[in-house]
Every structure is written in C-alpha cells, then in structure tokens.
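Keep in mind it's a predicted model, so treat the numbers as computed, not measured.
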Amino acid sequence: MNLSLGYKQKYVFGSDYGTSYFKFGPISCGEEPKMIENRGYFPDKESIMQKTFGTIKEIVVGDEIPLYLQASEDLSSRLIYPMKNGVIEKNDEKAWSVVKEISYYGLSYFKPAEPEFKGFYLVASLSSVAPRYMYERLFQIYKEINDETELIKAATIIPQPLAVAIAHKITTCVVIESGHGNTQVCPISRYPIRNAIVAINRGGGDANAITTEILKDLGYSDLVHEETFVIKAKESLGLIPRDLEKAIEFAKKNPKKFKAHVKIPGTRISIDLEENTWVRFLIGEYVFDPNHEIFQSYFIRGMPKPKDVRIGDIVFRGMLDFGESIIEAVERCPIELQPHLYRELLLSGGNFCWATPPESLSDIAVDASTKMKLLLRKKGI
Amino acid sequence: MSGQIIFETKNPNINVDYLLNSIKSLVKFRAQKFDNYFFYGGIISHFQFFKIDNEKTYVSLRFTKAKLKFLDNLIKAITSEVEKCKLNCTLKTKIDFESLKSYVKENSKWFGELKNSFSSKIKIKSDEISLVAYPEMKVLSFDCEFKKGNLFSRQKTPSQIVNELLKIGGLKS
C-alpha cells in the first residue's frame, strides 16, 4: 500500500493559532484537539529558585505557566500574549519567540515513539487578516524547529476561514469565524477575498464580560474573577433570542419556563436565577448584536464596550452586528458573485457553539444559524 | 470513535456511490449533508480518490461518531469489494492507561514511550495492532489491516479488537 498515504493517515497534524488559544493535535487524536492559551511566560533568571534548582526554561508555555507566575507587578513584562486580534507585530521578537515555543510545544507533545516517524505533515492556520510576513516568519520558525528536532516532514499554512471551507468542501461561501478574541467575516471564492474581509473586535471574551456583569447583579461578585466560573455560567445559561424584547417580555411573565440551575462540579457553588431568567437572553444577543439600548446601562457601569481597533491596515469594528458585517463583506465582492456568497454561510468557532434550545421554546429562543438568518432577513437579505 | 480507512483497488467502477451502495446494504442510511453521509451508528465523510497509475486507485474515507457495530459493518462492506484495507481508529476512553501500558510492555513485539504518549505493536489473537496512547488526553488510537473474507472467521472484527483493548485497560465496552 502507498507508504505516503498510510504515513499521512497517521501523521497529519493541525495547528490553529487563535488570538487567545492555540489548538493543536494529530489526526490520530480524534476530533478534539489539545488547547493551551496562546501566551508565554519569561521567568526571572535571577530568582532564588533558579539559583537553587538550576536552569529554568527561557520561555514557559502551556499548562505549566501558573507554576512559574511570580509577583503580579511583573506580569505585564513577563507574561506575553503574542497576538492582538490574530496579528503579531513584525518586529516583536518576544512575541515571535513565544510563538516558536508554543509551536514546538504542540509538535513535541504529540511526537510518537515509533521509529518510523519522520515528522508530521503539518497544516497550520492563521487569522484571515494575518499579513504575509506572518506566514513567512512562521515557515522560518518551522524550519528552525525542524533543524533542532525532526518534527515536521512538510508544512502548509492557510487562513482559518479557508480551513473551514475546505473542511466543508465548499469553494464559494462566506465563513464567519468567531473565537474568543474577535470575529472574522471572510468571503471565499476559491480563495479568501482579502479586500472583502470584515473584522469585528468582539468574540467569546465579550460574552464572558456580559455574563460577568449579570453574575455580579445576581450576587456572585466574589466569584466573577474566576474565569472558569464565568465561562461555565455563560455556556450553561446563555440563550439566543429570536427577538430580544419579545424574549425578555415572555421570560419575565414565565420565568419558570427558562429556569436553569447551574452547579459547578466538585464544589458547593451553584447559580440560581430565580425570577431573573430573562437575563439569559442578554448573553446570546450581545454576541450577535450589542447595539440594543439595554446594554447601555452595562457600559455606563463600566463593562468594556467593544471598541474599533486598527491592527495594521485592518480596522476591527467593535459594535458592528453580525448581520451587517456579512452584508458589508459580501457587498465588497463583485455583484455577480454576491448571490452565490449569500447562499452558503458557514459559522465556525467556539463563539457559535450554543446549545440548541428545546423545540417548545423555538418561538422565543433559537440557535446560532437561525439567529444569523433572522439578522440578515431584518436587513432585506 | 473516529478514524480513517484506506485501501487500494484496481476496480475502475469503485467510486463514492459504489461504496455507499455497498455500505447501505449492511447499514441503514439516514441522510446526506454536503460531503457527510449519516448512517445509523456513524457518519462517513471525506471520500478521496488518488489515481496512482492507470491501474491502481487509492481510496480514503473518514468516519466519525461511530458505534462498534457500524464500524464492523463498514469494514465488512469494504472488504467485500477490495482485497484489504487499513483502519486507523481513535477512541476517547476512560480506561486505565497504566494497566494498558503494563500489558503492552510485557506482551508486545515493540514498545516505545515518550513524555505524553506510549506506542506499541501487539498481537490480538493473530492480528497485529499498532497502537498509540495519549493518557493525558484519554485517547487511544490503533491501526490494523483487514483482509477480504477473513472478517468474522479467522480475523477479529474492529469491535472485538476495541473490546479487547478496553478489557486490558480494565473497562467493559
């Protein structure tokens, strides 16, 4: 049997460089990759621990970081998050060294012991707004890694939305990729149409922010500093409304229909919304459209408002709703192509992974794809 | 469970529809969405055909969310059409990886271990299985070759192999 095909069957490896999380794993690991935070820590080499116990690593990445964290005033200089909205500054050598370290960490984590192993077939993905120099630098990093340890047989780097389109085998579509840090709307016709990309400075992290405010209002202020608690609450409570005002009105009249009791496993902590089940809809709505006036009170109280941010030549819009962003992206494309693009919308990323509401509540709560259709229909698409 | 099956064939008639018809004779079909074919017990996707020369074609397909019986029938359907096929199967499992490691260390043709994984070639009855385990990820991956006509008679089925591995790891299937 063809050696190359059999070898690839075992040793294809995926690496997804998200702004907040680096996801990686070989094809033989199944459908769930390993995930670590996209960050690196530069330990203090002058510390007593270093002098007592010998060499500490230059850069620490992955699950070990918490073990090395020292004084919080050092954090900003030692704990480096290399990507800002998917982009790394060209000359930020500290950031690039973190990227090299997490790339090496990922590949070596899954290095098999078999003697036949001669390196992975690596497919890496970057944000659709990543400039060319990022691709060039990453290839250089892979070469450096391979010069030290044979981990890569061949490598290719593609934009994240293209990876989604390839996975679905659709060559003409719009991919809406929404992760922790930001959202990219990318029309694809054989390849991403770069000039048509619309970037939004809003992602799962912002859903965490509104959840934090809701939990504070419910009396959980002492716990909201724990991100795992907030994430658990968001995932368990968040609902996407068909229409926010109608959903809130209905839920206020029928709070028991949206009852949710969240228990944090292994603890005595539980969240009970009691009569306030209507707040569940704020979480879902905020992700798709943060412009409703109900969110103004949260901004006034200090919740960070998603801002417009310029990274390189791309402006990441903060408050643009997802429906408008799709229309804006598509309308940057040739007119003849536009109907084909609207026909296939692919939602990708953790920020679209909402639980499907029960059928009995489908008039009030919807899933992500239905919400997207509703947003577009409201604007005449 | 998820994984891939690859095989080579000289039969010029083999294409997606041909293979699907063979599988449908053994497994109830539910629906198709894009490149995904939903059956009762599993999903098949990503059919790929690589023509190497005028005679031979290499075929690969992926399966996901597969139950054991589905996998048995899938291999049975494929080996009814081709001489042999190679299965790579991954399962997420709560077995005792230390038990599995101890067993394969003592009973294997070859054993290797790194920080986050161990690999081995073992024999289950007469079948040679290559396995890789990632204990921290709770993932076990194995590959095995199946030959035409041997399934259910001289050779173990995929489900029997999986059950055997789970048993070694101290878990019922």
>> If I compare all heavy atoms of A:Ile27 with all of B:Thr90, which pair ends up nearest, and what's the gap?
In response: O-OG1, 4.4 Å

For [X], does the [atom1] atom have more than 12 heavy-atom neighbours from other residues, nucleotides or ligands under 6.0 Å away?
| X | atom1 | result |
| --- | --- | --- |
| B:Lys24 | NZ | yes |
| A:Glu227 | CD | no |
| B:Lys67 | NZ | no |
| A:Phe42 | CZ | yes |

>> Does any backbone or side-chain atom of A:Pro26 lie under 4.5 Å from a heavy atom of chain B? Answer side chain, backbone, both or neither.
In response: side chain

>> I need the contact set between residues 103-118 of chain B and chain A: heavy-atom distance under 4.5 Å, sorted by residue number.
In response: B:Trp110, B:Gly112, B:Glu113, B:Leu114, B:Asn116, B:Ser117

> For chain A, which residues from residues 132-141 of chain B have at least one heavy atom closer than 4.5 Å to it?
Replying inline: B:Val132, B:Tyr134, B:Glu136, B:Met137, B:Val139, B:Ser141

> With only heavy atoms counted, which part of B:Asn36 is less than 4.5 Å from chain A, the side chain, the backbone, both or neither?
Replying inline: neither

>> Considering only residues two or more places apart or on different chains, which pairs with a residue in residues 101-122 of chain A satisfy salt bridge (Lys or Arg N to Asp or Glu O under 4.0 Å)?
In response: A:Lys10-A:Glu114, A:Lys10-A:Glu116, A:Glu116-B:Lys121

> Based on non-hydrogen pairs under 4.5 Å, which of B:Arg62, B:Met1, B:Lys56 is most in contact with chain A?
Replying inline: B:Arg62

> In Å and rounded to the nearest 0.5 Å, what is the SG to NZ distance from A:Cys29 to B:Lys92?
Replying inline: 7.0 Å

Donor-acceptor pairs are to be reported for all side-chain atoms of residues 159-171 of chain A against protein atoms at under 3.5 Å, with residues two or more places apart or in another chain.
residue, atom, partner, partner atom, Å
A:Gln160, OE1, A:Gln184, NE2, 3.3
A:Gln160, NE2, A:Asp16, OD1, 2.8
A:Gln160, NE2, A:Tyr17, O, 3.0
A:His168, ND1, A:Val164, O, 3.0
A:Lys169, NZ, B:Asp35, OD2, 3.4
A:Lys169, NZ, B:Phe47, O, 3.3

